[in-house]
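Heavy atoms only: backbone and side chains are in, while hydrogens, waters and symmetry mates are out. A note on names: the letters A, B, ... follow the listed sequences, proteins ahead of strands, and every chain is numbered from 1. Since we're looking at a predicted model, the values are computed, not measured.
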Amino acid sequence: MTRIQHVMYIDLSDVLRPPGIDILLVLVAALGAILVSIQPVTDPVLASMLALEPTLVALAIFLALRGAAGVTWLVQSGIMHVYLSYPMSRALIALVLIVSRVIIPSSLILGVPLVVVLILLGPTLIGGVERVAVTYLSYIYQAALYGSLFLLVALRVKSQATSGLLSVAIYFTYTAMSTILGSIGRSIGSDSLKMLGDAMHLPNVIYAVYVGSDYDFKQLLLVPLLATLAVIAVIYYMVRRFETL
Amino acid sequence: MSRVLRRVSLATRLMIIVAVALIVSSLVAEFYGAKMESSFKSTLSVQGPGAAAFMAIAAVTSSGRVAVSVEGASTAYYVVMEGGDPTVLIRQFRALNLNVTAVRARIDLRAGVAYTSASIGAGPQILNVLPLLGSVLPVESAGDSKGLVGVKLKAGNIVAIVATPESSGIVSFNVKYDVEGYRRLTVYESLAASLSLLVASILLEAARRFRTM
């Protein structure tokens with residue numbers, strides 16, 4: 001096992017330790033499947049969104065409390081100090097943290113409800129699997145944005161409680177801003193504000209693309225761009241500024 | 001539980017999670033699952049010169065075929081729109097200074113369809129407004145005692161009907177909506193799938209243990 005795999009394995013064991021994530025997965029998967037079985041959803045994108053929208057809220061809280069705040073535990077317990085003593089670059093350690101604390105948990109938590117929905121509504125959704133995959137990818141980008149921001153906060157404040165609180169506050173501020181900008185844009189007739197508000201939630205843009213509503217190509221780029229910037233910021237902070245206690 | 005789960009692999013845990021979620025959701029669906037048909041009836045008293053009856057049917061999450069019979073109408077027109085919301089349409093009519101009364105709205109979540117009916121106190125104006133929404137079509141056999149609209153709706157589409165009354169001033173809409181293109185696993189199929197996953201997870205775990213022995 002290489003050093004990277006070793007660090008990744010230890011970190012993933014912490015993030016995915018039972019029973020917290022197992023209970024969360026059962027709840028979000030059952031809830032998502034119930035939402036698409038109590039109403040006859042025939043559109044693959046709509047079915048995916050119905051299942052993944054509540055899951056994204058649960059995922060954001062998971063990423064804030066288990067993913068990012070867990071990093072502060074690594075710092076306080078001295079494990080991060082051990083990681084940094086390995087012959088690995090800090091950038092690589094930051095990348096491992098992003099993959100094990102953001103990307104893999106997001107893929108799992110968003111993927112399991114979708115698998116249940118695909119099994120349950122298989123006969124209805126079989127023709128639109130590629131649409132389901134694109135919708136899933138848009139949620140992954142959205143989660144990667146939240147998770148990377150939370151990780152940056154955790155590395156900066158190094159306190160579990162403060163990091164958890166700040167991350168949840170950032171999440172709700174971001175979602176509220178998206179709604180507020182969209183609403184103001186609609187009420188004053190400003191297309192740019194409305195487009196910005198809508199673009200802050202990538203799955204909405206994907207839905208607009210598939211149903212043929214008005215959208216701008218730039219709207220598709222906002223969340224992936226912000227997520228990439230957040231990842232770069234985490235790596236930069238880890239390399240240039242981060243200090244263990 | 002934590003100790004048991006710690007001993008099994010992530011793949012096994014995921015298979016158990018999917019199996020449990022599948023059983024729970026299919027049981028809920030069995031008792032409160034989607035309906036394949038829905039109906040709505042609305043009788044409107046349309047009084048005053050130029051007044052009209054309005055009915056909108058929106059396929060919110062489902063796709064299907066809607067059949068509307070209109071009784072008591074001298075003329076009736078309908079328009080099919082892509083996207084929109086019937087309650088928003090009512091608000092827009094009010095914004096155009098149309099006198100909208102007797103609004104009745106119902107969302108049939110289990111059929112994924114929404115209905116809105118209303119009495120509108122300015123027929124010629126509403127007929128002028130309709131072309132703004134889409135291409136207006138006359139309701140077949142309108143002018144007799146009964147007209148019939150049959151439209152296939154995709155999720156997100158709306159059909160809006162405007163009818164001017166005969167001398168009685170009473171217009172009735174009978175709506176029947178049949179969901180098309182939706183099928184989910186039955187509770188037995190879901191149970192079979194869940195059991196298969198549980199058996200597969202046991203076999204996977206046994207193979208893993210056997211390999212590490």
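With 3.5 Å as the limit, one finds no donor-acceptor pair spanning the side chains of A/T42 and B/S62.
Contacts between A/L31 and chain B at a heavy-atom distance below 4.5 Å are absent for every atom of the residue. Using a 4.5 Å cut-off between heavy atoms, B/V113 does not touch chain A at all. For a residue to count as touching a neighbouring chain, one of its non-hydrogen atoms must lie under 4.5 Å from one of that chain's; by this rule A/I38 touches chain B with backbone and side chain alike. Using a 4.5 Å cut-off between heavy atoms, B/S190 contacts chain A through its side chain alone, with no backbone atom that close. There is no contact between A/V117 and chain B, counting heavy-atom distances below 4.5 Å.
To the nearest 0.5 angstrom, B/T61 atom OG1 is 13.0 Å from A/M49 atom CE. Here CG of B/L10 is found 5.5 Å from CG of A/L108. Values are rounded to the nearest 0.5 Å.
Residues of residues 34-46 of chain B lying under 4.5 angstrom from chain A, judged on non-hydrogen atoms, are B/A34, B/K35 by number. For residues 13-21 of chain B, heavy-atom neighbours of chain A at less than 4.5 Å comprise B/R13, B/L14, B/I17, B/V18, B/V20, B/A21, sorted by residue number. Among the residues in residues 175-182 of chain B, those with a non-hydrogen atom closer than 4.5 angstrom to a non-hydrogen atom of chain A are B/V179, B/E180, B/G181, B/Y182.
Within a 6.0 Å radius of OH in A/Y9, no more than 12 heavy atoms belonging to other residues, nucleotides or ligands are found. Annotation for A/L221: atom CG counts as buried by contact number, over 12 foreign heavy atoms lying within 6.0 Å.
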Atom pairs and distances, side-chain donor-acceptor, residues 178-185 of chain A, under 3.5 Å, sequence neighbours left out:
| residue | atom | partner | partner atom | Å |
| --- | --- | --- | --- | --- |
| A/S178 | OG | A/G197 | O | 2.8 |
| A/T179 | OG1 | A/T175 | O | 3.0 |
| A/S183 | OG | A/T179 | O | 2.8 |

Review point. So B/V28 and A/S37, side chain to side chain contact (heavy atoms under 4.5 Å, CB included) or not? Walk me through it.
Key: CA-CA 8 Å; B/V28 173; A/S37 56; 5.8 Å; no
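Ranking A/V26, A/D22, A/L35 against chain B, the residue ahead of the rest is A/D22, based on heavy-atom pairs under 4.5 Å. Your options are A/I119, A/L125, A/V211, A/L27, and the one with the most heavy-atom pairs under 4.5 Å with chain B is A/I119.
Smallest separation of non-hydrogen atoms from A/L121 and B/R184: CD2-CB, 3.4 Å.
B/S25 has its side chain within reach of A/L120: a pair of non-hydrogen atoms, C-beta onward, lies under 4.5 Å apart.
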